[in-house]
**Q** 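The structure is given below, and queries will be raised subsequently.
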Number of protein chains: 2
Amino acid sequence: MGLRERKKEKTRLAILDAALDLFLEQGYDSTTVEQIAGSVDISPRTFFRYFTSKDAVAFWFHEHGEEIMLEVLRSRPAGESPFVSMTHALRAVLRDLQDSTPEDAQRFLKLRRLLDDHPHLVGLSVARGAETERHLATEIAARRGADVTTDRVSHLVVAIAMSSLRVGFECPPGRRPELSQVVQQMEETLELVESMMRPGWDTGEPVPPADRPGSGAA
Amino acid sequence: MGLRERKKEKTRLAILDAALDLFLEQGYDSTTVEQIAGSVDISPRTFFRYFTSKDAVAFWFHEHGEEIMLEVLRSRPAGESPFVSMTHALRAVLRDLQDSTPEDAQRFLKLRRLLDDHPHLVGLSVARGAETERHLATEIAARRGADVTTDRVSHLVVAIAMSSLRVGFECPPGRRPELSQVVQQMEETLELVESMMRPGWDTGEPVPPADRPGSGAA
DNA sequence: GCGACTTATGTCACAATGTGACACGAAGAT
DNA sequence: ATCTTCGTGTCACATTGTGACATAAGTCGC
C-alpha cells in the first residue's frame, strides 16, 4: 500500500475520532463541520471529501457491516434457508466486531454512546439501514429464486434479521457497556428472534393458518 | 372552529399538495422550499412554520398513523397479548386509510409514488419510524409489565409489526396501484407475518429451543 | 534524480435548508 | 371601540453541501 493511501486512511480515522469526541463532548448539533475540520487541521471542504455529510460519520459502522454481510451472504451454500444465511451474515458482523482492534472497539463504543444520547441519529442510522436492507433483500431474493420486487418473504427475512441486530444494539440509557457485553446482547437478541419464528417460516412452504384476531371476525 | 384554524388547515393542505405535486413533477432534490412557498403564495419562512423541514412533508402520513396506533394500543384490553394488540393498531391504520376522503387518498398515493421514486425518502420515513417505534415499544412494555429499557421482546414486537407494514407498503417500481390494492397488500403482508411467528412468541413464555446454526457449532 | 502524470487538498463562490428577531396586520375577546 | 393574540412577511444569519479551479504532494517511467 502506497504512502498516499496510508495517509488517506490516517486522515479518515483522525476525522472520525475527532468528530466522535466532539459530538460526545458538546453534542451533535452544537458541533459544526468547521470545528471538526479545525481540530484535525484540514479545510471543511476536505471533510466532505472523506464523509459525504456530517451524518455520514455515524454511518461508518453500518457501511462496514453491510460489506461483511453481503460478502458472507454470497458465500453461503445455495440450498441453505434464507434466514439461516442471514444469521450467519449477522454473526460474521459480530465476530468482526469482537476481533476488532482496541481502537476500533473504542470507536464502536463511542458511536454507541453517541446514538444513545441522540435518538435523532438512531433514526438516520436506521435510514441508512433501509438502503442496506434493499441490497440484502436483493441477494436473498436471488437465493430464493424469487423476484425481489414482489417476494415479500425476502424483505421480511432481512427486516426481521436487521431488527434483531438493531434491538440488541440498544442499551438502557446511561449504561456504558463493554464491547463484549454489547456483542453478547446482540447475540442473545438474535437467538431470541430465532426462537420466535415458526420453523420453516422463511422457506415459503405453506404454513398452517394461525388464529388471527381482526382478520375475519371484525 | 374559528376562522383562524380553518385558514391554517387550508394553508397546510395547500402546502402539502403543492409540495407533493412539485416533488413528483421535477424530483425531490430539484424542488426548493422557495418554489413550494411560491406556488402557494407564502414566504419560505412560513413554509417552515407549517413543516419543520422539507423532509417533514414526507412524514405527514407517519405522524398520523402513529397517533392512531398509540390510541388503539391504549384502548386494547389489558390481558391481550402484545402482538395481537399491535395487529389491531396496524389494522386501525389500514381502516383509517380506506375510509379516508378521496383527497386524502390521492395524497397518500402521491406520497407512495414519491417514496417509490426516491429511496432516500424511504430512509427518512423509516428514520421517523424509529421514533415511532420507541413510543410504541414504551406502550407495549407497559402492557407487558416490563421495563422498556431492558425488555427486548417489546421492541421486537413493535419492530416486527412495523416491518410488515413497511414491507407491505412497497410496490414494484413503476406500479401505480389503487388505494385499495395497497391496503390489501399491507393486510396480506401482516397476515403473512402473523403466520410466520411461533404461537405465544410474544408472551414471554419459555419456548423450546430451535435448531440454530452458528450458535453452538462454530 | 528528472519530468510527466495523477490525485489530494485549499480557496473561492454559491445554493439551499433552517432559525431567531422584529414589525405589521388581521382575527378574536371584552 | 379597544386591547390582545397570533399568523405572516422581512431581514439577517449560521450551517451544510457542492462545483470550479489552482496548487502542491505523491507516483511512475526513464
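Residue numbers begin at 1 in each chain, while the letters A, B, ... track the order of the sequences.
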**Q** Examine the side chains of B:Asp29 and B:His118 and answer whether a donor and an acceptor come within less than 3.5 Å of each other.
**A** no
**Q** Tell me whether the OP1 or OP2 atom of D:dG9 has a side-chain N or O from B:Ser43 closer than 4.0 Å.
**A** yes
**Q** More 5' along DNA chain D: A:Arg49 or B:Arg49, using each one's nearest nucleotide?
**A**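 In this pair, the answer is B:Arg49.
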**Q** Return the value, rounded to whole Å, for the distance between atom CD of B:Gln35 and atom C1' of C:dA15.
**A** 13 Å
**Q** Taking the side chain of B:Arg4 as its heavy atoms from C-beta onward, which of D:dG9, D:dT5, D:dT16 lies nearest to it?
**A**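 Nearest listed nucleotide: D:dT5.
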**Q** Taking OP1 and OP2 of C:dT9, is either one under 4.0 Å from a side-chain nitrogen or oxygen of A:Tyr50?
**A** yes
**Q** Where the side chain of B:Lys54 is defined as all heavy atoms beyond and including C-beta, which of C:dG18, D:dT8, C:dG28 is the nearest nucleotide?
**A** C:dG18
**Q** Across the strands shown, which category fits A:Phe51 at heavy-atom distances under 4.0 angstrom: base, sugar-phosphate, nothing?
**A** nothing
**Q** Is a salt bridge present between A:Arg128 and A:Glu63, judged by a nitrogen-to-oxygen distance below 4.0 Å?
**A**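 A salt bridge links A:Arg128 with A:Glu63.
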**Q** Around B:Gln26, counting heavy atoms of other residues, nucleotides and ligands shown, do more than 12 lie under 6.0 Å from its CD?
**A** yes
**Q** Tell me: CZ of A:Phe48 to C1' of D:dT16, nearest whole Å?
**A**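 From A:Phe48 CZ to D:dT16 C1': 5 Å.
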**Q** Expressed in angstrom and rounded to an integer, what is the separation of A:Ile42 atom CD1 from C:dT11 atom P?
**A** 12 Å
**Q** How many Å lie between NZ on B:Lys7 and P on C:dA26, as a whole number?
**A**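 Rounded to the whole Å, the gap is 9 Å.
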**Q** Can you measure A:Ile36 atom CD1 to D:dG17 atom C1' for me and round it to whole angstrom units?
**A** 14 Å
**Q** Would you state whether a donor and an acceptor, one from the side chain of B:Arg45 and one from the base of C:dG20, lie under 3.5 Å apart?
**A**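 Check passes, donor-acceptor contact within cut-off.
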**Q** Provide, to the nearest angstrom, the distance between the NZ atom belonging to B:Lys10 and the P atom belonging to C:dA26.
**A** 16 Å
**Q** NA contact type, A:Ser30, heavy-atom cut-off 4.0 Å: base, sugar-phosphate, or nothing?
**A** nothing
**Q** Measure from the side-chain heavy atoms of B:Leu3 and tell me the nearest of C:dT17, D:dT18, C:dA27.
**A**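 Nearest to the side chain of B:Leu3 among the choices is C:dA27.
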**Q** Expressed in angstrom and rounded to an integer, what is the separation of B:Glu34 atom CD from D:dG9 atom C1'?
**A**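 Those two atoms, CD and C1', are 14 Å apart.
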**Q** Select one nucleotide: of D:dT16, D:dG9, C:dA26, the one nearest the side-chain heavy atoms of A:Thr32.
**A** D:dT16
**Q** Can you measure B:Arg12 atom CZ to D:dT8 atom P for me and round it to whole angstrom units?
**A** 12 Å
**Q** Is a donor from one side chain sitting under 3.5 angstrom from an acceptor on the other, for B:Glu66 and B:His135?
**A**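 Side chains of B:Glu66 and B:His135: pair found under 3.5 Å.
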**Q** Are side-chain N/O atoms of B:Gln181 and B:Gln185 paired as donor and acceptor at under 3.5 Å?
**A** no
